[in-house]
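Structure record follows, encoded as structure tokens.
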Amino acid sequence: MTESNLESTAATSEAPSSSFLRGIIAEDVSTKKFGDAVIQTRFPPEPNGYLHIGHAKAICIDFGLADEFGGKTNLRFDDTNPEKEEQEYVDAIQADVRWLGFDWERLCYASDYFPQLYEWALKLIGDGKAYVDDLSADEIRKYRGTLTEPGKNSPYRDRSAEENLDLFQRMKAGEFADGSRVLRAKIDMSSPNLNMRDPVMYRILHATHHRTGDEWCIYPMYDYAHGQSDSIERVTHSMCTLEFADHQPLYRWYIEQLGIFPSQQIEFDRLNLTYTMLSKRKLLQLVKEHRVNGWDDPRMPTLSGIRRRGFTPGALRALCAAVGASRTNGSTDIEMLEHFQRDDLNHRANRAMAVLRPLKVVIDNYPEGQEEFVEVANNPEDPSAGTRMVPFSREIYIEQDDFREVPPPKYFRLSPGKEVRLRNAYFVTAQSVVKAADGSLVEVHCTYDSASRGGNSPDGRKVKGTMHWVSTAHALTAEVRLYDKLFSKADPFDFPEGGDLFDNLNPNSLETIVDARLEPSLADAQLGQPFQFERVGYFCLDSDSTAEKKVFNRTLPLKDGWAKIEKKAGA
RNA sequence: UGCCCCCUCGUUCAACGGCAGGACAGCUGACUCUGGCUCAGCAUAUCGGGGUUCGAAUCCCUGGGGGGCAGCCA
């Protein structure tokens with residue numbers, strides 16, 4: 001599958017919005033906080049699902065900021081939980097990061113550090129900083145206390161270093177059952193920060209890991225693995241989302257106890273978009289329950305979904321640059337994304353004419369059997385895109401919306417007696433209509449002005465309306481899929497007691513038109529090539545297309561000023 | 001009711017003790033062979049109360065509001 005045209009080249013310099021993160025790094029560079037070490041960041045996804053738009057922000061920050069300061073970024077898979085992680089996700093994530101326009105310095109896996117992490121655990125045990133606890137998960141929870149009450153020490157907390165060493169080695173050796181013991185850091189069970197109440201470092205899990213297979217049956221927890229992985233990679237700025245702020249003291253504690261490279265964690269707000277749900281777990285559920293057609297369903301906010309939909313890396317990068325980063329949690333208007341997407345496509349997409357809901361128009365005074373070709377600009381925004389020839393004939397299709405028997409005020413499209421322009425072709429005037437027995441409109445009869453060829457009348461006569469059209473004899477019939485928001489509420493999580501997130505699913509998020517009529521040049525459309533169907537929207541060929549049947553996805557509709565006027569008049 | 005974080009136009013991000021500004025959205029209008037694009041203009045904000053200061057969005061105190069945290073998930 002080639003998607004060359006949809007992808008702009010590597011990420012360059014979208015005007016970076018200022019950000020407190022930039023300020024911190026600039027400060028650290030000027031004070032030489034890390035000596036002469038190069039700025040090093042990492043993007044650390046867990047391979048337990050597909051990347052989504054929210055991750056795009058993290059990627060732009062991690063890669064973008066490092067690049068700005070001449071630094072490097074690793075792609076590191078945070079693969080410490082074999083029960084949820086799969087190679088499929090590892091592959092998809094790499095493809096998505098590349099698609100977004102970034103390339104990593106090193107490809108890393110937390111699982112590569114399991115031996116080192118194990119050695120360090122041994123050291124902490126030897127130093128009396130960690131112990132093996134035989135309490136059950138349930139008991140550990142009870143001993144932890146609550147948000148308002150301190151926890152209490154485990155009865156196993158004061159085992160000797162020798163006993164802990166022996167037990168931990170036997171945990172690794174596979175002598176104990178899942179869940180029977182854990183290794184915990186010995187910190188402070190009365191800390192107001194729950195993360196510091198002797199956090200679990202290792203659990204026993206006899207599960208096959210997607211990379212290390214059955215080599216290990218003990219796996220490190222996130223807190224113990226992440227900071228140390230950062231340190232191993234000499235990450236200077238480990239940027240993560242706000243919910244990890246409470247973990248920062250623990251992040252530092254491990255690094256200090258171990259006396260290793262002092263990576264520092266900095267938190268920023270995750271990207272939230274209105275009408276969009278970015279919970280990996282819930283996204284998985286949408287897929288598993290077949291509420292959408294897979295991870296790359298064009299309605300999904302996954303990078304693979306919006307890519308198939310026709311969204312572009314440049315637009316995503318522009319959005320991320322525009323929203324910046326802060327420590328405030330909020331929700332960005334989806335319109336912002338749509339704006340940057342339209343802006344990107346407006347410059348790059350070739351135009352074409354396509355009629356989604358066809359209405360036949362017969363030009364009575366046009367010679368029967370005649371055909372001709374009019375020259376049309378491929379992209380008025382970009383002369384270098386060249387021109388193409390589009391066939392015109394006596395019978396054409398126009399959009400049903402472009403004709404009204406009884407025109408409302410300010411309507412300047414086709415209506416009886418009204419003259420309009422067929423884009424790049426001729427002026428036509430509607431003369432009469434033909435209706436079926438049930439009163440429905442069958443076709444419109446017009447006359448044309450042969451002197452107006454190309455779209456202008458030599459007498460300087462003006463028309464208000466210009467519409468797109470497709471010659472019936474030359475038309476390509478295709479399926480067109482119109483997508484709308486997946487959720488109908490700005491906040492998908494806003495549902496009444498006893499309700500469900502999925503109650504907010506938009507029942508009209510997909511409308512399929514099976515018999516749209518397209519200009520013949522669209523037969524050559526390539527996967528990944530963006531088009532603007534003039535006056536309608538941005539589209540791209542879908543991968544479901546076959547030699548016999550083309551399928552197009554609507555990326556986004558064009559802004560519709562008329563709809564606004566009409567709505568206002570109706571209101 | 002413990003700890004942590006956060007409160008600036010409708011939304012989002014700036015202003016780092018010195019005239020509150022940009023983007024998106026909105027509204028007017030101009031232009032137009034896409035009711036698209038573009039252009040011009042308009043409107044809208046520092047959560048409240050104290051304090052420090054010549055001067056506070058910014059610093060301090062206090063009240064209010066929002067968010068996060070009690071996985072052997074990340």
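Proteins come first, then strands; the chains are lettered A, B, ... in the order of their sequence lines, and each starts at number 1.
When ring centroids are compared, Y222(A) and H226(A) come within the 6.0 Å threshold. Aromatic rings of F552(A) and F539(A) (six-membered ring for Trp) have centroids beyond the 6.0 Å cut-off, not under it.
A cation-pi arrangement is present between R211(A) and Y109(A), with the terminal nitrogen or guanidinium carbon under 6.0 Å from the aromatic centre and inside a 45° cone about the axis.
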Distances under 3.5 Å between protein N/O atoms and the N/O atoms of nucleotides 35-44 of chain B, please, pair by pair.
{"residue": "G35(B)", "atom": "OP1", "partner": "R535(A)", "partner atom": "NH1", "Å": "2.6"}
{"residue": "G35(B)", "atom": "O2'", "partner": "G561(A)", "partner atom": "N", "Å": "3.1"}
{"residue": "G35(B)", "atom": "O2'", "partner": "W562(A)", "partner atom": "N", "Å": "3.1"}
{"residue": "G35(B)", "atom": "N7", "partner": "R413(A)", "partner atom": "NH1", "Å": "2.6"}
{"residue": "G35(B)", "atom": "O6", "partner": "F412(A)", "partner atom": "N", "Å": "3.0"}
{"residue": "G35(B)", "atom": "N1", "partner": "K410(A)", "partner atom": "O", "Å": "3.0"}
{"residue": "G36(B)", "atom": "N2", "partner": "R351(A)", "partner atom": "NH1", "Å": "3.4"}
{"residue": "G36(B)", "atom": "N2", "partner": "E381(A)", "partner atom": "OE2", "Å": "2.9"}
{"residue": "C37(B)", "atom": "O2'", "partner": "N346(A)", "partner atom": "ND2", "Å": "3.1"}
{"residue": "C37(B)", "atom": "O2'", "partner": "E381(A)", "partner atom": "OE2", "Å": "3.4"}

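Nucleotides U46(B) and C9(B), compared at atom C1', are 10 Å apart to the nearest Å. Spacing between G21(B) and U62(B) at atom C1', rounded to whole Å, works out to 31 Å. G17(B) sits 7 Å from A56(B) when the C1' atoms are compared, rounded to a whole Å.
Partners of R252(A) according to the salt bridge (charged side-chain N to carboxylate O under 4.0 Å, His left out) rule, which considers only residues two or more places apart in sequence or in another chain, do not exist here. Applying the salt bridge (charged side-chain N to carboxylate O under 4.0 Å, His left out) test to K280(A) and every residue at least two apart in sequence or in another chain returns nothing. Listed by chain and number, the residues in a ring-ring contact (aromatic ring centres under 6.0 Å, His included) with F531(A) amount to none (sequence neighbours excluded).
Residue contacts for R327(A): at a heavy-atom cut-off of 4.0 Å it reaches the sugar-phosphate backbone alone, with no base atom in range. Within 4.0 Å (heavy atoms only), S331(A) reaches sugar-phosphate atoms of the nucleic acid but no base atom. Contact annotation for E335(A): backbone-only contact, meaning every heavy-atom pair under 4.0 Å involves sugar-phosphate atoms and none involves a base.
In this structure, CE of M336(A) is placed 8 Å from C1' of A25(B), rounded to the nearest angstrom.
Remark on RNA chain B: of its neighbouring residues V536(A) and T328(A), the 5'-side contact belongs to T328(A), judged by nearest-heavy-atom nucleotide.
The side chain of S326(A) places an N or O atom within less than 4.0 Å of a non-bridging phosphate oxygen (OP1 or OP2) of C13(B).
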Original post:
Do D459(A) and S457(A) pass the side chain to side chain donor-acceptor pair (under 3.5 Å) test, and can you show the C-alpha distance, the side-chain angles, and the key distance before you say yes or no?
Top reply: CA-CA 5 Å; D459(A) 64 8; S457(A) 170; 2.5 Å; yes
**OP:** Can you run through RNA chain B from 5' to 3' and write each base as (, ), [, ], | or . depending on how it pairs? Watson-Crick or G-U wobble, both distances under 3.5 Å.
**Re:** .((((((..((((....[..)))).(((((.......)))))....(((((..]....))))))))))).....
Subject >> Heavy-atom protein contacts under 4.0 Å, nucleotides 69-74 of chain B, coded B base, S sugar-phosphate only, - none >> reply: BBSBSB
